[in-house]
Every structure is written in structure tokens, then in C-alpha cells.
Amino acid sequence: MSKVPYVLQRPENRTSCVIFASPHSGRDYPAEMVQQSVLSPLQLRSSEDAHVDRLYADVPRFGAVMVAATYPRAWVDLNRRADEMDPALVAGASCVGLNPRIASGLGVIPRVVAGGRSIYRGKISREEAQERIRTVWQPYHRLLQAVIDESLALFGQSILIDCHSMPREALSAVRSGKGRRPEVVIGDRYGASANPSIVIEVERAFRQQGFEVARNVPFAGAFVTQHYGHPARRCHAVQIEIDRSVYMNELTLVRHSDFNEIRARVGAAAKVIAEIGAERVPLAAE
């Protein structure tokens, strides 16, 4: 069990206001969760954004910051509000404010993993749920806010890239502008979470690496982009979803033989994105 719920990687010389963050790639499953769950360890991992942090591992070389969760999404979902408690899982949780995410078992403490499979036999206590929020959710978001504030102080703006992966089946009815199934979906909450010019550059960075790209469908962004994306305050947030089948076997989570090639392409796109946030000389150097 990790003592710190995130891994923070800083560049030797920060030259970009861009922050890459992976909230769902954590794979440190607490022993008590494995023991309490009715699922196998592999089934537990089915909602994990497996290997996403590895796809972006070169980010610090480009002068940008990288933040990755250590605990899994099945333990605490960092892309949900802290108060999105599921009354069907958390004893004593209020039904007030129930939304479709919570109703489907995907609150801040998930009740299910991919395919709607229940994690536990029964409910967990409200105290246990709050302890997960206190020890995992709050420290992660305090760090993220601190790094964003640092970007604002150094560069006058902040660009948060929220890094995720998506199951291929979620793309069955989705087509890019060229009529093809997308491999990458860029989410900006339909223009609300980032300046359009930034989003265009992010899209272009992935297209230049040969990825088929779509925007906002089927994933436009959730809590992270909504909470941190405020273009009027020069705080931009863009979600990037990559088709898992591009780089791994979705059933076994084993990386494809060409994983390093995919990682190089994602890294090349990340380098271009980091350069978007390096257009202005850091204030500390002026």
C-alpha cells in the first residue's frame, strides 16, 4: 500500500506550463480490497487505465510536469467529485444529488468495474469511504491544484492534460471526421474547459503521429476537466482518451509487442503539446 497516492515527476528545468495527469492508471490494490472483493485481481483491473502512465513517461524530458495516481480507480475515482457517494454501496450515504454516474455504480467510491460487475458483496461503511477520500482523493487534488497554481505563477497560464484510456467497444458507433473509428478522443466539454486554439493544437499533435482523432464523443470530460478547466482564468483542461486495444490486450492487460512504438508516438505528440505551453518565457526568468 503506497504511502503517497501519486507519483510526481518534475523536469530538471520546467519550460512548459503543461501538466500531464493520469488519475486512473494506478495499480496499487490494497490487500483489504483484494480480500473483500468478489472479483479476481484481473477482473478488478478491468476499469483501470492500464499503462497510460507509461505511455506518457517521457513527459518530464519535454519540460512539463507529470502526475500519476498510485491507487486504482476501483478504490477511489479521482475523476469524480468527493461527495459523489453511492447509497447502494456506502452505508448512510444520501440519495440527494444522485446522478446517472452514481446510479450506475460509478461514484467516487465505485461499486462496479467494467461490464457492471459488482466489486463487493455488500456495503462499506461511510467511515471507510471518507477515509479513502481523506488519504487518496484529497492529497491527489491538493497536489494537482498546487502544480496548476505554480504554472500560473511561472507562465501566466496552465494547461492540464487529463490522460485516460477507453475500451474499444465504447467506439463501436463513433466515427471521426474521415468516417473511421477514432483511436484518440479529445474532450474539452464541448468548448467549455479550454481555449479552442489549444484544443486544435492538441488534436493536431496526435494526428501528426498518425492517430485517428475525434472530439468529445463519446467522452467529453468529467470532473477533472470541469473543475480545473476555466479558460477565462487562463486555466485550460483537455481530456485525452486513447483506445486501449491500440497498445494492449484488453482482456489480459498485456502490452502489445509494438507498445514501445505506440509510446514513442504518444510521446512525440506530448512533446508538441508541451511546446504549446512553452510559448511564453517563464516569469521567473524575466
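Just so you know, residue 1 is the first one in the sequence shown, and it goes up from there.
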| task | Please examine the side chains of Asp83 and Met85, heavy atoms only from C-beta on, and report whether any two atoms are closer than 4.5 Å. | result | no
| note | Ser46 meets the side chain to side chain donor-acceptor pair (under 3.5 Å) criterion, sequence neighbours left out, with Arg117
| Pick from Glu48, Glu250, Arg244: which one makes a side-chain hydrogen bond (donor to acceptor under 3.5 Å, both in side chains) with Ser165? | Arg244
Examine distances only and state if a side-chain atom of [X] and a backbone atom of [Y] form a donor-acceptor pair shorter than 3.5 Å.
X: Asn249; Y: Thr252; answer: yes
X: Ser47; Y: Val113; answer: no
X: Arg189; Y: Gly221; answer: yes
X: Asn216; Y: Asp188; answer: yes
X: Thr70; Y: Asp28; answer: no
X: Arg234; Y: Gly156; answer: yes
X: Ser37; Y: Ile119; answer: yes
X: His230; Y: His227; answer: yes
X: Gln130; Y: Glu127; answer: no
X: Ser118; Y: Tyr120; answer: no

| query | Could you go step by step and tell me if Tyr71 and His24 meet the ring pair (Phe, Tyr, Trp, His ring centres under 6.0 Å) rule? | reply | CA-CA 8 Å; Tyr71 288 95; His24 288 165; over 10 Å; no
| Worked check of side chain to side chain donor-acceptor pair (under 3.5 Å) between Asp243 and Ser245 | CA-CA 6 Å; Asp243 178 359; Ser245 69; 2.9 Å; yes
| query | Just checking, Arg265 and Phe211: is the charged tip under 6.0 Å from the six-membered ring centre and within 45° of the axis? | reply | yes
| query | Taking the six-membered ring of Trp137, is NZ or CZ of Arg132 closer than 6.0 Å to its centre and within 45° of its axis? | reply | no
| How long is the gap from CZ on Phe219 to CD on Glu241, to the nearest 0.5 Å? | 5.5 Å
For the residue pair [Y] / [X], report whether a side-chain donor-acceptor contact shorter than 3.5 Å exists.
X: Arg111; Y: Ser104; answer: no
X: Glu84; Y: Asn99; answer: yes
X: Asn195; Y: Ser197; answer: yes
X: Tyr247; Y: Glu261; answer: no

| Hphob cluster co-occupancy, Val65 + Val4, side-chain heavy atoms under 4.5 angstrom | yes
| task | State yes or no: do Leu251 and Phe259 share one hydrophobic cluster built from I, L, V, M, F, W and Y residues joined by side-chain heavy-atom distances below 4.5 Å, directly or via other members? | result | no
What are the two closest non-hydrogen atoms of [X] and [Y], and how far apart are they?
X: Ala274; Y: Ala64; value: CB-CB, 4.2 Å
X: Ala74; Y: Tyr29; value: CB-CE2, 4.4 Å
X: Ser22; Y: Ser25; value: OG-OG, 2.6 Å

| task | May I ask you to check whether His51 and Tyr56 place their ring centers less than 6.0 Å from one another? | result | no
